[in-house]
Amino acid sequence: MKTVIKLEETALFILGIFLFNRLNFEWWWFLVLILAPDFSMIGYIFGNKIGAFAYNIFHHKGIALLIYGLGYYLRIESIELAGIILFSHSAMDRIFGYGLKYEKGFKYTHLGEIGK
């Protein structure tokens, strides 16, 4: 993956940490929840199509921002937290080269093939 993309995703991950810091949660919540979106990989038990759909829902930054915005608008910190975790996790994954999945299989992403 290109260095520029890694730097951009690192900046977005730092933004997620900044937004989390503005909430009234202990730091251990961030550490515990940061890998929670990966439970969406369970969808691959039902095949590549469902797996890719489930994974992409939980790794889509637009959806993460909508959830965060809803929480901010409603002033519900737990919803804000969910959006921040989804957003930060997606940025972290993309730093390591894991992008949104194609229906071909888990290793085929919008950032290229994993492990190639």
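Hydrogens, waters and symmetry mates are skipped; everything else that's a heavy atom, side chains included, is used. Everything numeric in this text was worked out from a predicted model, so none of it was measured.
Side-chain N or O atoms of Ser88 include none that pairs as donor or acceptor with a backbone N or O of Ile85 at under 3.5 Å. With Glu80 contributing its side chain and Leu23 its backbone, the two residues share no donor-acceptor pair below 3.5 Å. Checked by atom type and distance alone, the side chain of His110 pairs as donor or acceptor with a backbone atom of Leu100 at under 3.5 Å. In this structure, His89 contributes its side chain and Ile34 its backbone to a donor-acceptor pair below 3.5 Å.
Counting heavy atoms from C-beta on, the side chains of Leu66 and Leu70 never come closer than 4.5 Å. Put simply, the side chain of Asp93 reaches to within 4.5 Å of the side chain of His59, judged on heavy atoms. In this structure, the side chains of Trp27 and Asn21 come closer than 4.5 Å at one or more pairs of heavy atoms. Annotation: side chain of Met92 is in contact with side chain of Leu35 (closest heavy-atom distance under 4.5 Å).
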> Please walk me through it: do Glu77 and Asn24 pass side chain to side chain contact (heavy atoms under 4.5 Å, CB included)?
Replying inline: CA-CA 8 Å; Glu77 280 198 334; Asn24 292 313; 3.4 Å; yes
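Under the 4.5 angstrom side-chain criterion for Ile, Leu, Val, Met, Phe, Trp and Tyr, the cluster partners of Ile50 are Phe39, Ile42, Ile45, Phe46.
Figure legend: Lys101 and Phe106 shown as a cation-pi pair, the cationic atom lying under 6.0 angstrom from the six-membered ring centre and within 45 degrees of its axis.
Leu74 and Leu19 fall into different hydrophobic clusters, defined by Ile, Leu, Val, Met, Phe, Trp and Tyr side-chain heavy atoms under 4.5 Å apart, directly or through other members. Using a 4.5 Å cut-off between side-chain heavy atoms of Ile, Leu, Val, Met, Phe, Trp and Tyr, with links allowed through other members, Val4 and Ile14 fall into different hydrophobic clusters. Both Leu12 and Tyr68 sit in one connected hydrophobic cluster of ILVMFWY residues. Membership requires side-chain heavy atoms under 4.5 Å apart, directly or through other members.
Between the CG atom in Leu65 and the OH atom in Tyr72 there is a gap of 14.0 Å [rounded to 0.5 Å]. Residue Phe96 holds its CZ atom at 13.5 Å from CG of Leu111, rounded to the nearest 0.5 Å. Within the model, atoms CD1 of Ile95 and CG of Leu7 stand 9.5 Å from one another, a figure rounded to the nearest 0.5 Å. To the nearest 0.5 Å, the span separating CZ on Phe25 from CG on Leu33 amounts to 9.0 Å.
Scanning both residues, Gly43 and Ala54, for their nearest heavy atoms gives CA-CB, 4.4 Å. Nearest heavy atom pair, residue Ser40 against residue Tyr55, reads OG-CA, 3.5 Å. Of all non-hydrogen atoms in Ala64 and Leu86, the two that sit nearest each other are CB-CB, 3.6 Å. Nearest heavy-atom pair, Ile67 versus Ala82, reported as atom, atom and distance to 0.1 Å: CG2-CB, 4.1 Å.
Within 6.0 Å of CZ on Phe53 lie no more than 12 heavy atoms contributed by other residues, nucleotides or ligands. Counted within 6.0 Å of CZ on Phe20, heavy atoms from surrounding residues, nucleotides or ligands total more than 12; the atom is thus considered enclosed.
Residue pairs meeting the salt bridge (charged side-chain N to carboxylate O under 4.0 Å, His left out) criterion with at least one member in residues 44-66, sequence neighbours excluded, are Glu9-Lys61.
Side-chain rings of Phe87 and Phe13 stay apart, their centers remaining 6.0 Å or farther from each other.
For the 3.5 Å distance criterion, the side chains of Asn56 and Tyr102 fail to qualify, holding no donor opposite an acceptor.
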